[in-house]
K.L.:
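Quick one: this structure, given as structure tokens, is what I'll be asking you about.
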Amino acid sequence: QVQLVEFGGGLVQAGGSLRLSCAASGRTFSSYAMGWFRQAPGKEREFVAAISRSGARAYYEDSVKGRFTISRDNAKNTVYLQMNSLKPEDTAAYYCAADLAGYYGGSHNPDEYDYWGQGTQVTVSS
């Protein structure tokens, strides 16, 4: 079992920054890959970023490359998503997820993730 709790969402102006955190508990954090997804109203959940178990490999959806950075601190059981140069189209509920089977991680398919947080809302005003 893995429990995930996201923090850090909020309202920000376009061009601003936010850092999301996802605290994990249960299974040893360094034993699974992690991902961030987002879902806007009326749209499907979409991949944002993922990171391998060790943190050595990171993966990004094309629209966030160069603006978002995923990282993890295995000593603190936490994964982060630093979001810079935010745009109104980044507005969504953001979810972290655990991929127990993935070693290098990076899956874009939400069905391959085993546990999910409750989500945190990010709203970017223009």
Side-chain angles (χ1 to χ4, degrees):
Q1 285 279 358
V2 174
Q3 294 78 42
L4 302 172
V5 181
E6 299 98 337
F7 302 93
L11 173 64
V12 64
Q13 289 188 332
S17 299
L18 281 175
R19 187 174 83 154
L20 305 183
S21 302
C22 172
S25 60
R27 185 167 166 162
T28 302
F29 185 61
S30 59
S31 69
Y32 49 89
M34 292 292 297
W36 284 97
F37 288 75
R38 65 186 179 187
Q39 188 167 19
K43 295 187 177 181
E44 293 187 353
R45 190 166 298 191
E46 66 171 1
F47 172 79
V48 176
I51 192 165
S52 63
R53 295 181 181 187
S54 68
R57 298 190 182 194
Y59 311 84
Y60 299 94
E61 193 270 330
D62 286 346
S63 69
V64 308
K65 283 180 181 177
R67 300 189 298 122
F68 291 11
T69 302
I70 188 171
S71 62
R72 67 189 295 163
D73 185 337
N74 286 346
K76 295 184 178 180
N77 295 345
T78 302
V79 63
Y80 305 96
L81 185 67
Q82 177 67 45
M83 306 186 294
N84 299 329
S85 302
L86 283 160
K87 303 175 181 181
E89 51 264 43
D90 295 318
T91 294
Y94 283 71
Y95 301 86
C96 64
D99 175 6
L100 301 189
Y103 185 88
Y104 295 111
S107 174
H108 291 215
N109 183 356
D111 292 337
E112 295 189 10
Y113 290 78
D114 304 282
Y115 294 96
W116 293 82
Q118 82 289 350
T120 186
Q121 179 67 34
V122 172
T123 303
V124 184
S125 63
S126 57

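Just so you know, these numbers come straight off a predicted model, no measurement behind them.
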K.L.:
I would like to know whether M83 and V122 meet side-chain contact (heavy atoms from CB on, under 4.5 Å); could you show each step before the answer?
P.N.:
CA-CA 10 Å; M83 306 186 294; V122 172; 3.8 Å; yes
K.L.:
State which residues pass ring-ring contact (aromatic ring centres under 6.0 Å, His included) with Y80; sequence neighbours excluded, sorted by chain then number.
P.N.:
none
K.L.:
Which distance, rounded to the nearest 0.5 Å, do you find between the CD of E46 and the CD of Q39?
P.N.:
9.5 Å
K.L.:
Any idea which heavy atoms bring T78 and S21 closest together, and the distance?
P.N.:
CG2-CB, 4.2 Å
K.L.:
For residues Y113 and G106, report the shortest heavy-atom separation together with the two atoms involved.
P.N.:
OH-C, 4.4 Å
K.L.:
Determine the minimum heavy-atom distance between A24 and Y32, stating which atoms define it.
P.N.:
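So the two residues come closest at CB-OH, 3.4 Å.
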K.L.:
Look up atom OG1 in T91 and atom CD in Q121, then write down how far apart they are to the nearest 0.5 Å.
P.N.:
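So the gap between those two atoms works out to 7.0 Å.
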K.L.:
So, applying ring pair (Phe, Tyr, Trp, His ring centres under 6.0 Å) with F37, which one of Y94, Y95, F47 is it?
P.N.:
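Exactly one candidate clears the test, F47.
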K.L.:
Under a 3.5 Å distance rule, please check whether R53 uses its side chain to pair with a backbone N or O of S31 as donor and acceptor.
P.N.:
yes
K.L.:
For the hydrophobic clusters of this structure (ILVMFWY residues joined by side-chain heavy atoms under 4.5 Å, transitively), does one cluster hold both V79 and Y59?
P.N.:
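Result: no, two separate clusters.
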K.L.:
What heavy-atom pair brings S17 and S85 nearest, and what distance separates the two atoms?
P.N.:
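In this case the closest contact between S17 and S85 is OG-N, 4.3 Å.
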K.L.:
So which atom in G8 and which in L18 form the shortest heavy-atom distance, rounded to 0.1 Å?
P.N.:
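Distance-wise, the nearest heavy atoms are O-CD2, 3.9 Å.
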K.L.:
Looking at CD of Q1 and CG of L100, how far apart are the two atoms once the value is rounded to the nearest 0.5 Å?
P.N.:
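Between atom CD of Q1 and atom CG of L100 there are 9.5 Å.
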K.L.:
To the closest 0.5 Å, what do you measure between SG (C96) and OH (Y115)?
P.N.:
14.0 Å
K.L.:
Can you tell me if N74 uses its side chain to pair, donor with acceptor, with the backbone of T28 under 3.5 Å?
P.N.:
no
K.L.:
For the backbone of S52 and the side chain of R57, can you confirm whether one donor and one acceptor N or O come within less than 3.5 Å of each other?
P.N.:
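Not a single qualifying donor-acceptor pair exists.
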K.L.:
When rounded to the nearest 0.5 angstrom, what is the spacing between SG in C22 and CG in N77?
P.N.:
10.5 Å
K.L.:
Between S125 and Q13, does the side-chain contact (heavy atoms from CB on, under 4.5 Å) criterion hold? Intermediate values first, please.
P.N.:
CA-CA 5 Å; S125 63; Q13 289 188 332; 3.7 Å; yes
K.L.:
With a 4.5 Å cut-off on side-chain heavy atoms, are I51 and W36 touching?
P.N.:
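W36 does not reach I51 side chain to side chain.
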K.L.:
Following the transitive rule for hydrophobic clusters with a side-chain heavy-atom cut-off under 4.5 Å over Ile, Leu, Val, Met, Phe, Trp and Tyr, establish whether F68 and V12 coincide in one cluster.
P.N.:
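Cluster IDs for F68 and V12 match.
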K.L.:
Run the side-chain contact (heavy atoms from CB on, under 4.5 Å) check on D99 and D114 step by step: do they pass?
P.N.:
CA-CA 6 Å; D99 175 6; D114 304 282; 4.3 Å; yes
K.L.:
Using the six-membered ring of F29, assess whether NZ or CZ of R72 lies under 6.0 Å from its centre and within 45 degrees of the ring axis.
P.N.:
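Yes, R72 and F29 form such a contact.
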K.L.:
So that I can tick it off, tell me whether D90 and K87 are bridged by a salt bridge, with the cut-off set at under 4.0 angstrom between side-chain N and carboxylate O.
P.N.:
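D90 and K87: not salt-bridged.
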K.L.:
Applying a strict under-4.5 Å side-chain criterion to I, L, V, M, F, W and Y, I'd like to know whether L81 and L4 cluster together.
P.N.:
yes
K.L.:
How close do A92 and A40 get, counting heavy atoms only, and between which atoms?
P.N.:
CB-N, 3.9 Å
K.L.:
Pair T120, E6 - check side chain to side chain donor-acceptor pair (under 3.5 Å), show working.
P.N.:
CA-CA 6 Å; T120 186; E6 299 98 337; over 6 Å; no
K.L.:
Contact between M34 and V2 at the side-chain level, heavy atoms closer than 4.5 Å - yes or no?
P.N.:
no
K.L.:
If you count the non-hydrogen atoms of other residues, nucleotides and ligands that lie under 6.0 Å from CD in E44, is the total more than 12?
P.N.:
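Atom CD in E44 is not packed in, count stays at 12 or less.
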K.L.:
Is the backbone N or O of I70 less than 3.5 Å from a side-chain atom of Y60, with the two atoms forming a donor-acceptor pair by type?
P.N.:
yes
